[in-house]
Amino acid sequence: MKIYKSKIDWWLGLVLAYPIFRSIVSIIDGEWIGYLGIVLCLLFIFFISKSTRYIIAENQLIVKCMFIVNYKIEISKIRKIEKTNNVLSSPALSLDRIAIKYNKYDEVYISPKDKQVFVDDLLKINSEIEVTI
């Protein structure tokens with residue numbers, strides 16, 4: 001079993017900039033709720049960055065992100081891997097993504113930190129995967 005972490009883009013911090021800014025303003029105004037806002041934002045960042053991962057276990061690719069997304073894809077069913085910057089919601093913390101196409105019409109977008117190592121490890125299991133990254 002091998003675990004791959006997700007690449008993390010700067011935009012994730014930008015998305016949380018407003019709630020953090022608003023929490024700081026609340027603290028300056030003497031409201032205790034601001035501390036709660038900062039703690040919740042930091043916990044969210046920590047939790048999502050630690051829970052988004054991609055696992056190759058035997059003949060399966062397991063994609064995990066928090067408790068919501070959990071794909072189990074048979075590596076033998078993967079037909080194509082291609083580079084994408086698709087902004088659709090996905091278990092990826094970066095827009096520097098790859099699309100994993102499997103079965104006939106299924107696909108998932110992920111962003112492993114080291115894409116080439118990840119793809120090479122998939123190719124070791126299924127050498128017939130078409131790769132365009």
Side-chain angles (χ1 to χ4, degrees):
M1 179 169 75
K2 193 165 178 187
I3 299 172
Y4 306 83
K5 294 181 180 180
S6 178
K7 181 177 180 181
I8 302 172
D9 275 350
W10 60 270
W11 62 264
L12 186 61
L14 187 61
V15 169
L16 295 171
Y18 178 75
I20 290 173
F21 172 75
R22 188 65 194 120
S23 297
I24 291 170
V25 169
S26 295
I27 291 169
I28 292 171
D29 290 343
E31 299 173 17
W32 67 271
I33 196 84
Y35 293 106
L36 179 63
I38 288 177
V39 167
L40 288 175
C41 284
L42 292 176
L43 282 173
F44 177 75
I45 292 169
F46 177 78
F47 185 71
I48 198 166
S49 67
K50 295 298 179 191
S51 68
T52 303
R53 59 195 185 280
Y54 319 111
I55 303 164
I56 294 178
E58 295 180 25
N59 190 36
Q60 281 197 326
L61 169 61
I62 303 165
V63 179
K64 293 189 171 211
C65 181
M66 298 179 64
F67 303 115
I68 303 165
V69 179
N70 193 2
Y71 294 94
K72 288 187 179 180
I73 303 165
E74 289 203 32
I75 296 172
S76 60
K77 305 277 181 167
I78 296 175
R79 11 179 218 96
K80 188 173 186 179
I81 299 173
E82 62 186 10
K83 183 175 174 43
T84 183
N85 295 98
N86 195 317
V87 296
L88 288 177
S89 178
S90 65
L93 302 178
S94 171
L95 292 178
D96 182 17
R97 300 174 174 184
I98 57 176
I100 305 284
K101 298 184 177 200
Y102 60 102
N103 296 331
K104 192 165 183 171
Y105 300 109
D106 297 320
E107 66 184 358
V108 62
Y109 304 113
I110 62 174
S111 61
K113 232 180 208 180
D114 191 341
K115 288 187 286 203
Q116 194 58 55
V117 170
F118 177 78
V119 169
D120 289 345
D121 287 345
L122 288 174
L123 286 171
K124 287 177 188 172
I125 298 168
N126 179 0
S127 60
E128 294 185 18
I129 299 172
E130 180 185 342
V131 179
T132 57
I133 61 168

Side-chain donor-acceptor contacts of residues 29-49 below 3.5 Å, not counting sequence neighbours, with atom names and distances?
unit_1, atom_1, unit_2, atom_2, d
S49, OG, I45, O, 3.0
S49, OG, F46, O, 3.0

Distance from I56 atom CD1 to M1 atom CE, nearest 0.5 Å?
11.5 Å

Would you please test I110 and F118 for side chain to side chain contact (heavy atoms under 4.5 Å, CB included) and show each step?
CA-CA 11 Å; I110 62 174; F118 177 78; 3.6 Å; yes

Return yes if some donor-acceptor pair links the side-chain N/O of R79 with the main-chain N/O of E130 below 3.5 Å, else return no.
no

Is there a path of hydrophobic side-chain contacts, each under 4.5 Å between heavy atoms, that joins V108 and V131?
yes

Any side-chain to backbone donor/acceptor pair from R53 onto S51? Under 3.5 Å, distance only.
yes

Would you sort out whether E107 and L88 count as a side chain to side chain contact (heavy atoms under 4.5 Å, CB included), showing the intermediate values?
CA-CA 12 Å; E107 66 184 358; L88 288 177; over 6 Å; no

Value for CD1 (I24) from CD1 (I20), rounded to nearest 0.5 Å, stands at 7.0 Å

Please report the interatomic distance OH(Y54) to NZ(K113), rounded to the nearest 0.5 Å.
11.5 Å

For the pair K83 and D96, find out whether any cationic side-chain nitrogen is under 4.0 Å from an anionic carboxylate oxygen.
yes

For L95, does its backbone N or O pair with a side-chain atom of N85 as donor and acceptor, under 3.5 Å?
yes

In Å, rounded to the nearest 0.5 Å, how long is the span from CD1 of I125 to CD of E74?
11.5 Å

Please report the closest heavy-atom contact between E58 and I75, naming both atoms and the distance.
O-CD1, 4.1 Å

Distance check, rounded to the nearest 0.5 Å: I98 atom CD1 versus E82 atom CD?
10.0 Å

Of all heavy-atom pairs linking Y109 and P91, the shortest is O-CD, 3.5 Å

Give the minimum heavy-atom separation between A99 and T84, together with the two atoms involved.
N-CG2, 3.8 Å

Flag yes if I55 and I100 sit in one hydrophobic cluster, no otherwise; membership is Ile, Leu, Val, Met, Phe, Trp, Tyr, and two members link when side-chain heavy atoms are under 4.5 Å apart.
no

As an exercise, state the distance from CD of E128 to CD1 of I78, rounded to the nearest 0.5 Å.
12.5 Å

Looking just at side-chain N and O atoms, do Y4 and D121 make a donor-acceptor pair shorter than 3.5 Å?
yes

Non-hydrogen atoms of I133 and K115 that approach each other most closely:
CD1-CB, 4.5 Å

